[in-house]
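Below: one structure, written as structure tokens.
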Number of protein chains: 2
Amino acid sequence: MDKKQRVVKEAAERRNEILDVAEELFVSKGYDKASTNDILERVGIARGTLYYHFSSKEDILNAIIDRINSSLISRASTIAADTSIPVIDRIVMTIAALNVDTDIGHEIIDQVHKPQNALMHQKMLHNLIEGIVPIIVRIVEEGNEQGIFHIKYPAETVEMLILYSGTVFDDDYDESEERSANRIKAFLHNTELLLGAKEGSVQQAMSKLFK
Amino acid sequence: MDKKQRVVKEAAERRNEILDVAEELFVSKGYDKASTNDILERVGIARGTLYYHFSSKEDILNAIIDRINSSLISRASTIAADTSIPVIDRIVMTIAALNVDTDIGHEIIDQVHKPQNALMHQKMLHNLIEGIVPIIVRIVEEGNEQGIFHIKYPAETVEMLILYSGTVFDDDYDESEERSANRIKAFLHNTELLLGAKEGSVQQAMSKLFK
DNA sequence: ACTCAACCGACAGGTTGTCGGTTGATATGA
DNA sequence: TCATATCAACCGACAACCTGTCGGTTGAGT
């Protein structure tokens with residue numbers, strides 16, 4: 001009765017089905033613990049079909065990451081391109097677009113930061129940084145020209161800020177509310193220092209957005 | 001002929017033998033690819049023996065990381081405690097003790113930064129940061145009192161610096177000589193900004209040490 | 001001659017990736 | 001309009017690993 005009945009679909013559609021399920025599983029159980037068997041059972045396909053569409057389990061992981069990142073980056077680009085927004089606000093908004101809960105983003109990012117998902121985490125971060133740094137650098141340079149910022153090494157500094165923001169907001173290890181709030185205050189303060197921005201200017205943009 | 005002949009050793013000695021071999025293998029092949037079979041063959045023991053001394057493969061990984069980190073941290077502590085060294089020099093030296101090639105350190109750290117070793121990498125970094133940040137913070141606060149630094153959030157800032165230094169010196173992904181040199185210059189410059197130190201003071205200490 | 005820490009290896013139950021074979025949607029031609 | 005050929009998509013058995021368990025063995029010290 002529960003015999004397999006063959007259902008044929010277009011490759012692109014099947015691929016996405018697989019990615020949807022795999023994403024769900026990788027996130028909830030962790031990349032290592034989620035087996036390819038779990039995936040193909042949930043999708044309702046046979047082993048051979050999975051490996052017809054993907055060459056390996058890691059290949060699936062990479063495809064998922066690409067999917068998430070290109071979505072995040074396109075969102076960020078849109079904001080970054082809107083020159084009607086003041087520079088500082090635009091930077092805050094662009095970065096916020098990466099971290100604040102999006103359609104899928106939030107849950108994933110929470111889970112991804114578990115130690116069990118180290119590989120996934122690292123790949124995402126690396127991949128994301130590569131895409132996002134140039135976008136922010138362009139805004140920062142705009143700020144330099146406007147005399148709002150005074151920054152000597154834009155690319156490296158932005159890299160540092162993004163990297164830190166991406167790693168530090170992993171609340172995988174529990175910490176007190178107070179400590180966490182302190183971290184954010186410190187981060188904003190240090191951002192101002194590094195960008196050579198007026199004291200309080202970043203904080204202001206931040207509180208303006210999340211009031 | 002190649003029958004197993006039983007050799008009995010003290011537990012501590014066996015444990016270290018296993019850790020030595022496992023470290024070698026994890027580093028050269030990556031944690032995932034190195035199998036427990038590889039380890040026990042190389043050590044010359046049976047499966048049961050391995051699991052007599054360690055409860056799981058990950059348990060072995062954790063033991064290795066503890067071993068490396070406590071060695072690194074004790075080295076760093078020694079330097080940090082020597083108040084005869086000027087504050088800035090002492091900070092540079094302390095951090096250098098973590099990154100510069102040590103007995104084992106260098107090779108390992110090179111390899112650990114490969115994507116295949118994401119879990120190991122993350123565990124080391126996390127563990128290391130936890131140990132090293134308080135040590136450096138104490139020196140930084142000393143600098144604050146001496147009026148050399150002017151820093152508002154010592155703990156958070158040091159965390160940021162260490163985290164960045166630990167990540168940025170992963171030369172896993174290839175980059176030009178020039179880009180890499182630039183990164184270091186930028187890092188030193190930003191360190192001065194964050195610490196509120198006199199411009200050039202950190203660069204000076206750095207070049208004094210590695211001339 | 002007893003005890004028990006250290007050791008052994010077979011085994012259960014999992015994993016990923018491969019491969020020869022099958023099926024059905026679509027194109028072709030009579 | 002109906003037969004048939006083609007090939008992308010699919011299937012599931014299987015090989016070759018993997019980790020962790022467990023009942024039994026051994027030998028060094030008392």
Side-chain angles (χ1 to χ4, degrees), chain A residues 1-26 28-64 115-120 123, chain B residues 1-26 28-64 115-120 123:
Chain A
M1 267 329 71
D2 54 348
K3 199 59 185 300
K4 185 122 292 168
Q5 74 170 326
R6 177 177 290 245
V7 179
V8 178
K9 301 195 175 175
E10 226 167 277
E13 194 186 343
R14 242 311 116 78
R15 263 183 76 92
N16 273 324
E17 270 183 34
I18 294 170
L19 291 180
D20 289 341
V21 170
E23 186 174 306
E24 228 284 311
L25 284 169
F26 286 174
S28 62
K29 304 179 69 170
Y31 174 72
D32 291 330
K33 297 278 201 219
S35 73
T36 52
N37 282 325
D38 292 338
I39 297 172
L40 53 90
E41 267 171 34
R42 282 266 265 269
V43 179
I45 54 174
R47 190 131 263 278
T49 307
L50 187 71
Y51 281 88
Y52 174 75
H53 292 285
F54 296 93
S55 68
S56 70
K57 191 182 171 186
E58 191 164 353
D59 191 29
I60 299 176
L61 176 62
N62 289 330
I64 290 175
Q116 32 174 320
N117 280 9
L119 178 63
M120 195 167 169
K123 283 196 168 176
Chain B
M1 261 333 66
D2 54 348
K3 199 61 189 296
K4 185 123 286 167
Q5 74 170 320
R6 179 178 288 246
V7 179
V8 179
K9 301 193 174 177
E10 225 167 275
E13 195 186 344
R14 246 306 119 78
R15 264 183 75 92
N16 274 323
E17 270 183 32
I18 294 170
L19 290 179
D20 289 340
V21 169
E23 187 174 305
E24 231 283 312
L25 285 170
F26 286 174
S28 62
K29 305 179 67 170
Y31 174 71
D32 292 329
K33 297 275 202 225
S35 73
T36 52
N37 282 324
D38 292 339
I39 297 172
L40 54 91
E41 267 169 36
R42 280 267 264 268
V43 179
I45 55 175
R47 189 131 263 278
T49 307
L50 187 71
Y51 281 87
Y52 173 75
H53 291 287
F54 296 94
S55 67
S56 70
K57 192 183 170 186
E58 190 162 356
D59 190 31
I60 299 177
L61 177 61
N62 289 330
I64 290 175
Q116 32 174 318
N117 280 11
L119 178 64
M120 197 169 168
K123 282 196 169 176

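Naming: A, B, ... by sequence-line order, numbering from 1 per chain.
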Rounded interatomic separation in angstrom, taking CZ from A:R15 and P from D:dA8:
16 Å
Within this structure, what is the CG-to-C1' distance between B:N16 and C:dA6, rounded to whole angstrom?
16 Å
Look at the side chain of A:R14 and decide which nucleotide, out of C:dC7, D:dC11, D:dC10, has an atom nearest to it.
D:dC10
Could you tell me how far apart A:D32 (CG) and D:dT19 (C1') are, to the nearest whole angstrom?
13 Å
Whole Å only: how far is the NZ atom of A:K33 from the P atom of C:dT16?
12 Å
If you take all heavy atoms of A:F26 and A:A34, which pair is closest and at what distance?
CD2-CB, 3.8 Å
For DNA chain C, whose closest nucleotide is more 5', that of B:T49 or that of A:T49?
B:T49
With respect to the side chain of A:A11, which nucleotide from C:dG17, D:dT19, D:dA9 is positioned closest?
D:dA9
B:D38 CG to D:dT19 C1', in whole Å, measures 13 Å
Does A:Y52 use its side chain to pair, donor to acceptor, with the backbone of A:A11 at less than 3.5 Å?
no
Measure the OG1-CD1 distance between A:T49 and A:I18 for me, rounded to the nearest 0.5 Å.
7.5 Å
Reading DNA chain C from 5' onward, which residue's closest nucleotide shows up sooner: A:T36 or B:E10?
B:E10
State whether the side chain of A:N16 and the backbone N or O of A:E13 hold a donor-acceptor pair below 3.5 Å, judged by distance alone.
no
May I ask you to verify if any side-chain N or O of A:N37 is less than 4.0 angstrom from the OP1 or OP2 atom of C:dG14?
no
DNA chain D nearest-nucleotide lookup for A:H53 and A:R47: closer to the 5′ end is A:H53
Tell me the interatomic distance from A:F54, atom CZ, to C:dT16, atom P, rounded to whole angstroms.
15 Å
Can you tell me how far C1' of D:dA8 sits from OH of A:Y52, to the nearest Å?
4 Å
Output yes when a side-chain donor or acceptor of B:R15 lies under 3.5 Å from a complementary backbone atom of B:H53, and no otherwise.
yes
Please determine whether a side-chain nitrogen or oxygen atom of A:Y51 lies at a distance below 4.0 Å from atom OP1 or OP2 of C:dT18.
no
For atom CG of A:L50 and atom C1' of D:dA9, their distance in whole Å
13 Å
